[in-house]
Chemist: 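Please find one structure pasted underneath; my questions will follow.
First listed ligand is number 1; within each ligand, the first listed atom is number 1.
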Amino acid sequence: MRTEIAAPQQVSTGTLPGWDQVDAEVLAAHRRYAADTEGAVADYIPILGRVDPELFGIAVADTAGGRHSAGDVEVEFSIQSISKALVYAHVSQELGHRLVSERIGVDNTGLAFNSVMAIELNAGNPMNPMVNAGAMATTALVPGATAAEQWETVRTVLSEFAGRQLVLDGEVYHSEMQTNSRNRAIAQLLESYGRIEGDPLEVVDVYTRQCALRVTAQDLAIMGATLADGGVNPVTGRRVVSEESCRDTLAVLAATGMYERSGQWLFEIGIPAKSGVAGGILAVAPGKGGIGTFAPRLDPAGNSVRGQRAIKYLSRTLGLNLFASEPAGPALQTTADPAPRAATEQETA
Ligand code: GLU
């Protein structure tokens, strides 16, 4: 039964606090976590293990094009899994809400990003576009007659999101191509289930290239601000994707963007986000702006430790959590009212 609603989409968003407060909180977040050394740099792609683990940058871009930053926001690193969100946004625009959700899915697998078992458990359904299986199935759907054309589209779309021409990191691409037998196996398994049409190894090649595009924390903030701004890049003023695909992409990120820790992330931080194994995180406060962080040490799920902590701090101090509300008017006192209490240390950590 079709239950689509034809009425125009209304939005439900607010604004960031004033310029000075955002500036001050970005600096405070950097100061607060600069000395944090928890986690380990990813090394399953050999070249990623050679990064300086001390690098740490936080950037915020608002939907009016304003920017705030602290630390290493101009250092380039490979975008890795964050590319999955942006390629998905484009494919979802080209193919539409229904088709993409049928072909790829939107639900968390509860398993690691490169799980083969997840594919087998779901009869070949990749489940969502943020795990490697779903991301490769998504890349396979990028319009283009050849893999070279698809790659050109991917690079152009991601560059439009960033507002500058992004460049492939050849070393990262080659390092990953020499060690990605697992991704090749996943793509071939998807082909066996009829989930990838065409040559699965060509899909792996385009996917590996998209992961090796170089970005900065500043770029991630602008990409996030584009997703926060109904698909228009607030710095260049150019439309990159449709409002509908923006909305759908953010829903997918909320459910699945932080690997198998997505529920925990939403519970603690309350905004859609996507992380990558090189240490980047892109987070989106719809209508308000984007946050980009870079810090290479990761937790066991593959999410940057300092990046997560910095975004949690900003979510609290800038009022970004999508689930937070306060009563519109005074509440009647009842005996069931809990006694007021101060926030615990855990809640503000
Ligand atoms: N290119 C990486 C892979 O396919 C991306 C992983 C990630 O950032 O989660 O393994």
Chemist: Could you name each residue pair satisfying ring-ring contact (aromatic ring centres under 6.0 Å, His included) that touches residues 258-306, not counting sequence neighbours?
Modeler: Phe77-Phe294, Phe113-Tyr259
Chemist: What short N/O contacts, under 3.5 Å, does ligand 1 make with the protein, listed by atom pair and distance?
Modeler:
residue, atom, partner, partner atom, Å
ligand 1, 1 (N), Gln80, OE1, 2.7
ligand 1, 1 (N), Glu176, OE1, 3.0
ligand 1, 1 (N), Glu176, OE2, 2.7
ligand 1, 4 (O), Asn132, ND2, 3.1
ligand 1, 4 (O), Glu176, OE2, 3.3
ligand 1, 4 (O), Asn183, ND2, 2.8
ligand 1, 4 (O), Tyr207, OH, 2.8
ligand 1, 8 (O), Ser81, N, 3.0
ligand 1, 8 (O), Ser81, OG, 2.9
ligand 1, 8 (O), Tyr259, OH, 3.4
ligand 1, 8 (O), Val277, N, 2.9
ligand 1, 9 (O), Ser81, OG, 2.6
ligand 1, 9 (O), Tyr259, OH, 2.4
ligand 1, 10 (O), Tyr44, OH, 2.7
ligand 1, 10 (O), Asn132, ND2, 3.4

Chemist: Do Thr216 and Asp219 have side-chain N/O donor and acceptor atoms under 3.5 Å apart?
Modeler: yes
Chemist: For the residue pair Ser83 and Gln210, confirm or rule out a side-chain donor-acceptor distance under 3.5 Å.
Modeler: yes
Chemist: With no hydrogens and no angle check, do the side chains of Ser78 and Asp169 hold a donor and an acceptor under 3.5 Å apart?
Modeler: no
Chemist: Kindly say whether Phe56 contributes a backbone atom to a donor-acceptor pair with the side chain of His30 at under 3.5 angstrom?
Modeler: yes
Chemist: Would you say that more than 12 heavy atoms from the other residues, nucleotides or ligands in this model lie under 6.0 Å from the CZ of Arg238, or not?
Modeler: no
